Peer 1: 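The following block contains the structure, expressed as structure tokens.
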Amino acid sequence: MQLATWNVNSLKVRLPQVLQWLQSNPVDVLCLQELKLTDDKFPITTLEAAGYRSFFAGQKTYNGVAILVREGNAIDTASLVANNPLFADEQKRLLALTVNGVRVICGYFPNGQAVGSEKYQYKLAWLDALHNWIALEMQQHAQLALLGDYNIAPEDRDVHDPAAWEGMVHVSPPERERFFKLAQLGLVDVFRQFEQPEKSYSWWDYRMMGFRRNHGLRIDLILLTPPLAQRCTACTVDKTPRAWEQPSDHAPVVATLNLL
DNA sequence: ATGGCTTGCACCGCAAGA
């Protein structure tokens, strides 16, 4: 079983790339973030024709998350939950669905804009509420995967220039503390279970030739509970689509599990 | 030098992302 996450920065613009990527990477579950479209505009039938069933929570202009599941996988449709029930939120950033007995949670964590801003306060409150909800979900599901755009680079090795980023949003100590508190619930950042190229990132700034110069951050993560982490045989960033014409600024991240 | 691109929305420029 393969799980993947990709912040597409507009599904309307990136749909052809999602379809192209799925053709050569027929993962079982693909979590998408930043759909930037309302539910009535979601390309259900196009993805169905490509062999994927769609679950989504969209909104106009901003945010929006989806879980695509390849046909043949066992979906518990009654298990679908949009948003954190412990956190009243107009923004569509979380979607949970049980697939093959795995609790898949797709997250688009808040950006936070700037340390000390109102959006930063929202980010910290959102992270606190996420922690509490994931703790509850883990009581119900031994096999849980939390994957998405965390908008937090956990460690300095996840940042191309840690000195330049010091104290900034995405790396500030309060954000990282919350990330590690979340991980301490018993979630493993499986990318780090394996040997990886030096300076591996998942996002690169559109400006200043960020991708060509590998000026990036690793903020798109796959965290798994131990029963899944133990069965994880690979986790990679696929930089291929970042080099395509009109790319998303994020690359997909894929985890392979020895299940079923 | 606090920008640099890209997107959506709406209107000819802005907010927001990271």
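Because only heavy atoms are used, hydrogens play no part in the values below, and waters and symmetry mates are left out as well, while side chains stay in. No experiment lies behind these values; they were computed from the predicted model shown. Residue numbering restarts at 1 for every chain, and letters A, B, ... go by the order of the sequence lines.
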Peer 1: Roughly how many Å is it from CG in A/Asn7 to P in B/dA16, rounded to a whole number?
Peer 2: 17 Å
Peer 1: Check this for me: does any side-chain nitrogen of one of A/Lys60 and A/Asp39 sit under 4.0 Å from a carboxylate oxygen of the other?
Peer 2: no
Peer 1: Rounded to whole angstrom, note down the C1' distance from B/dG4 over to B/dG17.
Peer 2: 14 Å
Peer 1: Just the rounded figure in Å: distance from P of B/dG17 to CG of A/Asp149.
Peer 2: 11 Å
Peer 1: Who pairs with A/Phe55 by ring pair (Phe, Tyr, Trp, His ring centres under 6.0 Å), at least two apart in sequence or on another chain?
Peer 2: none
Peer 1: Please determine whether a side-chain nitrogen of the Lys or Arg among A/Arg103 and A/Glu137 lies less than 4.0 Å from a carboxylate oxygen of the Asp or Glu.
Peer 2: yes
Peer 1: I'd like the P distance from B/dA16 over to B/dG3, given in whole Å.
Peer 2: 14 Å
Peer 1: What string of B, S and - do you get for nucleotides 1-14 of chain B, 5' to 3', when a contact is any protein heavy atom under 4.0 Å?
Peer 2: ---BBSSSS-----
Peer 1: Hey, is A/Asp149 close enough to A/Arg93 for a salt bridge, meaning N to O under 4.0 Å?
Peer 2: no
Peer 1: Can A/Glu48 and A/Arg53 be counted as an ion pair, charged N to O under 4.0 angstrom?
Peer 2: no
Peer 1: Between A/Tyr201 and B/dA18, does any side-chain N or O lie under 4.0 Å from OP1 or OP2?
Peer 2: no
Peer 1: Please check if the distance between the ring centroids of A/Phe109 and A/Trp126 is under 6.0 Å.
Peer 2: yes
Peer 1: Given the P atoms of B/dG13 and B/dA18, what is the spacing between them in whole Å?
Peer 2: 26 Å
Peer 1: In whole angstrom, give the distance that lies between atom CH2 of A/Trp203 and atom P of B/dA18.
Peer 2: 8 Å
Peer 1: Provide the distance between the two C1' atoms, one in B/dC12 and one in B/dG8, to the nearest whole Å.
Peer 2: 15 Å
Peer 1: Between B/dT6 and B/dC11, how far is it from one P atom to the other, in whole Å?
Peer 2: 24 Å
Peer 1: Taking B/dA15 as the reference, what is the distance to B/dA10 when you measure between their P atoms (whole Å, please)?
Peer 2: 15 Å
Peer 1: Using the P atom in both, what is the distance from B/dT2 to B/dT7, to the nearest Å?
Peer 2: 25 Å
